[in-house]
Amino acid sequence: MTKDCGHHDEERRQLLRRVFAAILGFILLILLIIFLIWIILRPTKPRFVLQDATVYAFNLSSTGATPSPTVPTPNTLTLTMQVTLSAFNPNNRIGVYYTKLDAYASYRGQQVSLATDLPPTYQGHRDTAVWSPFLYGTAVPVSPFMLEILQQDKTSGGVLVNVKVNGRVKWKVGTWVSGRYHINVNCPAYIRLAGDADDAIGVAAPAVKFQLFQSCIVDV
């Protein structure tokens, strides 16, 4: 009787080892297939280009008053511009889903416009997508040193505004769709300035279009 029980226990242990080995082998096989697909396809991140920027307003104003220790009077920046962004998918076998994208303008590391939603887009193999969002910022408080910095930029002839896009993308291979990946895009735009008064500096005309065709830095 004792021998029979020991024999059954041994068979049970062998069965559990086989089941565990089968499960482990299946998991390793799936991981190997995913790895091989990834190596063969080698997804390449999209290429973004800032084609142009039409600036309707870019004005930094200061009250000129001496700031009070208790009631500061910050400089304010008003910005209205429309940009044209294009994204090219360089992959031959991989599509790209842009599930959520926000575009905004940044000057000297400070966000100076509200985030504008870009419509969700699917991009096929070696396809190009184009967006033309408006970027708005009305009387945005900026740091106390911004007026002096902008005056220095005016002396050099213009300012460098960064058009940034943040969001999420998915890769599509056949019917398989990956999880979401963060995408960050940074597009520099050089804008000419005008204005003679120290407390009002802005663009040269109510609407100025700058043809840029500037490549952007893309991080996925």
Side-chain angles (χ1 to χ4, degrees), residues 48-87 98-121 129-168 182-214 216-218:
F48 277 72
V49 174
L50 179 60
Q51 296 184 357
D52 58 61
T54 301
V55 182
Y56 298 91
F58 186 95
N59 297 291
L60 181 67
S61 300
S62 173
T63 59
T66 303
S68 168
T70 58
V71 184
T73 56
N75 302 312
T76 59
L77 178 65
T78 296
L79 168 72
T80 303
M81 63 189 300
Q82 183 182 22
V83 299
T84 301
L85 286 162
S86 65
Y98 300 94
T99 58
K100 179 177 173 57
L101 293 177
D102 295 324
Y104 64 92
S106 173
Y107 175 66
R108 295 285 182 171
Q110 179 175 345
Q111 182 173 339
V112 292
S113 79
L114 298 174
T116 300
D117 292 336
L118 303 183
T121 304
V130 179
W131 301 275
S132 296
F134 278 89
L135 308 178
Y136 299 97
T138 303
V140 179
V142 294
S143 64
F145 307 103
M146 194 68 74
L147 182 60
E148 180 181 353
I149 295 173
L150 190 54
Q151 288 172 339
Q152 296 174 358
D153 288 342
K154 176 191 170 186
T155 302
S156 65
V159 296
L160 185 64
V161 176
N162 293 89
V163 178
K164 297 186 177 183
V165 179
N166 295 330
R168 296 178 179 86
H182 288 279
I183 183 170
N184 298 295
V185 182
N186 187 356
C187 307
Y190 188 73
I191 298 173
R192 295 192 307 274
L193 290 180
D196 298 324
D198 290 339
D199 60 349
I201 301 176
V203 296
V208 183
K209 187 172 185 177
F210 300 95
Q211 298 289 345
L212 301 169
F213 294 99
Q214 177 67 50
C216 307
I217 300 171
V218 181

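For the residue pair Pro188 and Gln214, the shortest heavy atom distance occurs at O-CG, 3.3 Å. Nearest approach of Leu212 to Tyr190, heavy atoms of both residues: CD2-O, 4.2 Å. Here the closest non-hydrogen pair linking Val165 and Ala103 is CG2-CB, 4.1 Å. Taking every heavy atom of both residues into account, Asp102 and Ala115 meet most closely at CB-CB, 4.1 Å. Here the closest non-hydrogen pair linking Gln82 and Tyr56 is OE1-OH, 4.0 Å. Between Pro141 and Gln110, the closest heavy-atom pair is O-NE2, 2.9 Å.
A distance of 9.5 Å separates CG in Asn59 from OG1 in Thr76, rounded to the nearest 0.5 Å. Considering CG of Leu160 and CG of Asp153, their distance stands at 8.5 Å, rounded to 0.5 Å. Expressed to the nearest 0.5 Å, how far CG of Asn166 lies from CG of Asn186 amounts to 9.5 Å. Rounded to the nearest 0.5 Å, atoms OG (Ser86) and CG (Leu50) are 8.5 Å apart.
Applying the side-chain contact (heavy atoms from CB on, under 4.5 Å) criterion to Arg168, with sequence neighbours excluded, gives Thr99, Lys100, Arg180, His182. For Asp52, the side chain to side chain donor-acceptor pair (under 3.5 Å) criterion is met by Thr84, not counting sequence neighbours. Residues meeting the side-chain contact (heavy atoms from CB on, under 4.5 Å) test with Thr116, sequence neighbours left out: Pro133, Leu135. For the side-chain contact (heavy atoms from CB on, under 4.5 Å) test, no residue two or more places apart in sequence or in another chain qualifies with Pro120. Take Tyr136 and apply the side-chain contact (heavy atoms from CB on, under 4.5 Å) test, not counting sequence neighbours, and it matches Thr80, Phe134.
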Show your working on side chain to side chain contact (heavy atoms under 4.5 Å, CB included) between Val140 and Leu79 and close with a plain yes or no. CA-CA 9 Å; Val140 179; Leu79 168 72; over 6 Å; no
Please step through side chain to side chain contact (heavy atoms under 4.5 Å, CB included) for the pair Leu101 and Ile183, ending with a clear verdict. CA-CA 9 Å; Leu101 293 177; Ile183 183 170; 3.8 Å; yes
Could you walk me through whether Phe210 and Arg192 pass the side chain to side chain contact (heavy atoms under 4.5 Å, CB included) check? CA-CA 9 Å; Phe210 300 95; Arg192 295 192 307 274; 3.4 Å; yes
Given side chain to side chain contact (heavy atoms under 4.5 Å, CB included), test Arg108 with Val142 step by step and report yes or no. CA-CA 10 Å; Arg108 295 285 182 171; Val142 294; over 6 Å; no
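The closest side-chain heavy-atom distance from Ile149 to Tyr107 is below 4.5 Å. Side-chain contact check for Tyr98 versus Leu118: every heavy-atom pair is 4.5 Å or farther apart.
Aromatic ring orientation, Phe48 versus Trp131: parallel (interplanar angle below 30°, classes split at 30° and 60°).
At distances below 3.5 Å, not a single donor-acceptor pair connects side-chain atoms of Thr54 with backbone N or O atoms of Met81.
Here salt bridge (charged side-chain N to carboxylate O under 4.0 Å, His left out) pairs that include residues 76-87, with residues two or more places apart or in two chains, number zero.
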